[in-house]
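A quick write-up on the structure given underneath.
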Amino acid sequence: MTDSEVDGGQEHAASDYDVVIVGAGFAGVYALHRLRALGLRVRVFEAGSDVGGTWFWNRYPGARCDVDSVEYSFSFSDELQQEWNWPERYSAQGDILRYIQHVADRFDLRRDIQTNTRVLSAILDEEAGLWAVETSDGNSCTARFCIMATGNLSLPRLPDFAGLKDFEGKWYHTGLWPEEPVDFTGLRVGVIGTGSSGIQIIPLIAQEARELFVFQRTPNFSVPARNHPLAAEDLQAHKSRYGYWREQAQDTPFGIAGHAAPTKNALDDSEEVRNAVYEAKWRKGGSVSFLYSYKDLLTDKAANDTAADFVRRKIRETVKDPATAELLTPRDYPIGARRLCLDTGYYETYNRPNVTLVDVKSDPIETLTPTGLRTEGAEYPLDAIVFATGFDAITGALMDIDIRGREAMPLREKWANGPRTYLGLMTTGFPNFFIVTGPGSPSVKANMVCAIEQHVNWITGCIGMLAGERLGLIEPEPGAEDDWVEHVNETADATLYPLAESWYTGSNVPGKARVFMPYVGGFNRYREICDDVTRDGYRGFVVCGAEPDSEPAPAAALIR
Ligand code: N01
């Protein structure tokens with residue numbers, strides 16, 4: 001054990017590290033880089049065998065980002081963004097993984113990242129003002145600060161299907177895909193789930209499999225990606241103004257530059273003009289672009305219907321069998337209220353003779369069998385099953401760890417009725433415990449890399465402030481947290497998002513509290529709120545002096 005260096009190590013109990021970071025995806029890697037630059041002793045624990053997070057685990061065929069590569073990348077180093085060449089408009093999983101690994105090497109981060117190590121618990125020792133962290137290798141350590149860089153879609157969900165253990169074929173989850181390639185050639189394959197992952201993998205499996213059965217419960221809207229190689233001159237042109245594009249991204253609701261903000265409501269245009277607008281977006285490709293056609297697509301149901309009807313028409317025009325087209329057509333929720341998917345040849349795949357769509361809403365899956373899958377009405381012999389069944393999103397990876405704050409309060413208990421945070425960054429009763437892109441922040445409703453950088457920058461500033469001011473513990477005031485939770489809910493309730501069953505609300509996980517978790521007031525607005533809070537002396541936060549027995553006080557009172 002060595003003394004903490006954060007404040008010269010005089011008043012605090014000694015700790016192994018100043019900061020423990022859980023997870024080595026985009027968030028953990030960048031947090032390590034920033035905090036190490038403060039001179040802190042930082043340790044990152046990563047469950048996977050390498051860095052990469054989401055892009056390490058989701059290596060299924062077709063896995064690809066739905067944000068342009070030049071946007072879905074770090075902005076903190078101009079050298080990095082100038083030297084890295086993205087081959088395609090939307091990067092494939094392998095390219096993004098290579099990028100994160102390059103970042104880890106380029107900034108010499110690996111020496112502080114311990115892979116193959118899962119964090120099991122993080123427990124606050126109130127008296128010492130330290131977090132005790134226990135890991136799957138049987139070790140434990142202490143740190144003054146704990147940063148959860150655990151990701152929003154990192155706890156895969158396997159529905160509780162009867163008979164899974166008896167299934168004699170191979171089965172896979174898209175979020176836990178094996179490193180070695182999987183060959184479906186000549187096999188009868190079943191894919192369960194038609195969210196973003198299913199929609200990406202289905203067209204590729206269809207090209208290999210002898211027969212593909214897609215088991216769909218709820219159809220999703222999807223628009224074409226129109227992915228293409230990035231021409232060297234286009235990439236160079238973007239790089240020559242990278243600083244400008246990054247600044248532009250900061251002022252958009254989703255942290256992505258290059259999309260002109262809509263100026264009209266959908267019903268301001270005639271039907272003919274509107275359809276021409278949607279058609280142009282459809283041809284250009286991209287989900288952000290499509291939903292940004294009009295100002296009110298996510299707030300006004302009548303406006304939303306015009307965009308939803310356009311996509312429904314496209315499905316009917318693409319899928320030759322009318323019954324299959326109808327099954328693929330979402331009718332029960334507004335377009336964009338569930339994550340709008342991005343595809344390459346998804347609807348066309350159902351015109352192949354070897355692909356069958358099975359509606360498991362009207363005929364639910366009853367059980368897996370040794371040789372396949374049985375619904376209430378039919379039997380499907382299968383050699384392999386792919387579960388594209390999603391994640392326990394946003395809170396899942398946090399709740400998976402035994403986290404206990406003041407008075408040994410488990411986070412699982414505090415959040416039993418839904419997550420409660422201030423700014424999605426911290427939660428009352430868990431001092432010096434930060435969450436990157438936590439519930440109540442824009443997170444998945446923004447470009448994740450942009451949201452991550454903004455959060456890590458804020459957290460770094462906060463930890464640096466505590467060190468500079470010789471302060472000990474920081475956490476939100478209960479009132480600030482209550483007000484923020486109310487604001488997050490009111491903001492969501494003013495949109496169409498809560499009208500859909502989705503992982504945004506936790507409704508995909510039986511027994512999970514139904515709360516719309518991301519902040520949908522816009523990344524730009526959110527960033528300004530965070531900046532204001534900081535400028536106002538960390539408004540809404542209380543801090544203690546460095547002495548272990550010091551009483552919490554409003555942060556502003558203690559900051560010079
Ligand atoms: O997961 P999902 P995902 N019986 O939850 C079905 C990001 N992402 O991995 O809708 C039958 O969306 C479930 O049916 P239903 C992106 O943010 C991004 O696809 O609950 N079916 C649904 O169809 C995305 O939104 C990219 O009725 C069952 C599917 O499984 C998020 O990750 C690519 C079932 C799960 O869909 C999650 O996407 C991939 C059951 N018991 C992922 N249980 C890109 O960047 C679940 N399902 C492009």
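Numbers here are sequence positions counted from 1. All values reported here derive from a predicted model rather than from experimental measurement.
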Counting N and O atoms only, with roles assigned by atom type, does the side chain of Asp68 sit under 3.5 Å from a partner on the main chain of Val70, one being a donor and the other an acceptor? no

If I take atom OG1 from residue Thr194 and atom CZ from residue Phe215, how far apart are they, to the nearest 0.5 angstrom? 12.0 Å

Mind checking whether Trp86 and Tyr99 have parallel, tilted or perpendicular rings, split at 30° and 60°? tilted

Could you state the interatomic distance from NE2 (His259) to OG (Ser289), rounded to the nearest 0.5 Å? 6.0 Å

With the side chain counted from C-beta on, respond yes when Arg64 and Gln200 share a heavy-atom pair under 4.5 Å apart, and no when they do not. yes

For the residue pair His33 and Leu109, establish whether any side-chain heavy-atom pair is separated by less than 4.5 Å. yes

Distance col, row Ile335:CD1 vs Leu298:CG, nearest 0.5 angstrom, shows 9.0 Å

Is there a donor-acceptor contact under 3.5 Å linking the side chains of Thr505 and Lys512? no

Between Tyr242 and His238, how do the two ring planes meet: parallel, tilted or perpendicular, split at 30° and 60°? perpendicular

Please round to the nearest 0.5 Å and tell me the distance separating atom CG of Asn227 and atom OG of Ser69. 7.5 Å

For Arg157, check side chain to side chain donor-acceptor pair (under 3.5 Å) against everything at least two apart and list the hits. none

Value for CG (Leu373) from CD1 (Ile192), rounded to nearest 0.5 Å, stands at 5.0 Å

Does a side chain donor of either Asn275 or Arg313 reach within less than 3.5 Å of an acceptor in the other side chain? yes

Aromatic rings Phe184 and Tyr172: how do their planes relate, parallel, tilted or perpendicular, breaks at 30° and 60°? perpendicular

Just by distance, with hydrogens left out, do Glu501 and Thr218 show a side-chain donor and acceptor under 3.5 Å apart? no

Cut-off 3.5 Å, side chains only: do Asp359 and Ser362 have a donor facing an acceptor? yes

Could you state the interatomic distance from CD (Glu208) to CG (Asn354), rounded to the nearest 0.5 Å? 11.0 Å

Does a side-chain heavy-atom distance below 4.5 Å link Met517 with Pro419? yes

Tell me, yes or no, whether the heavy-atom count around Glu271 atom CD, taken from other residues, nucleotides or ligands under 6.0 Å, exceeds 12. no

Inspect the contact between Asp50 and Arg110 and indicate whether a charged nitrogen and a carboxylate oxygen are less than 4.0 angstrom apart. yes

Looking at Glu279 and Lys314, is any side-chain nitrogen of the basic one under 4.0 Å from a carboxylate oxygen of the acidic one? yes

Any residue meeting side chain to side chain donor-acceptor pair (under 3.5 Å) with Thr349, in chain and number order, not counting sequence neighbours: none

Any Asn265 side-chain heavy atom under 4.5 Å of Tyr294 side chain: no

Which class fits the ring pair Trp282 and Phe290: parallel under 30°, tilted 30 to 60°, perpendicular over 60°? perpendicular

Tell me, please, whether Tyr350 has Arg352 positioned over its six-membered ring: NZ or CZ under 6.0 Å from the ring centre and within 45 degrees of its axis? no

Does a side-chain heavy-atom distance below 4.5 Å link Gln454 with Cys530? yes

Taking the inter-plane angle between the rings of Trp171 and Phe387 on a 0 to 90° scale, is it parallel (under 30°), tilted (30 to 60°) or perpendicular (over 60°)? perpendicular

Look at the rings of Phe221 and Tyr333 and say which category their plane angle falls in: under 30° parallel, 30 to 60° tilted, over 60° perpendicular. perpendicular

Are the charged groups of Asp296 and Lys264 less than 4.0 angstrom apart, N to O? no

Would you say the side-chain atoms of Thr356 and Tyr380 include a donor-acceptor pair closer than 3.5 Å? no

All side chain to side chain donor-acceptor pair (under 3.5 Å) counterparts of Arg312, not counting sequence neighbours: Asp309

Would you please say whether a donor-acceptor pair under 3.5 Å links the side chains of Asn351 and Glu348? no

Is there side-chain contact between Tyr504 and Pro498, with at least one heavy-atom pair below 4.5 Å? no

Can you find a pair of side-chain heavy atoms, one from Arg210 and one from Leu187, that are under 4.5 Å apart? no

How are the rings of Trp84 and His102 set to each other: parallel, tilted or perpendicular (split at 30° and 60°)? tilted

Salt bridge between Lys295 and Asp300, side-chain N to carboxylate O under 4.0 Å? no

Any side-chain heavy atom of Ser73 sitting closer than 4.5 Å to one from Arg246? yes

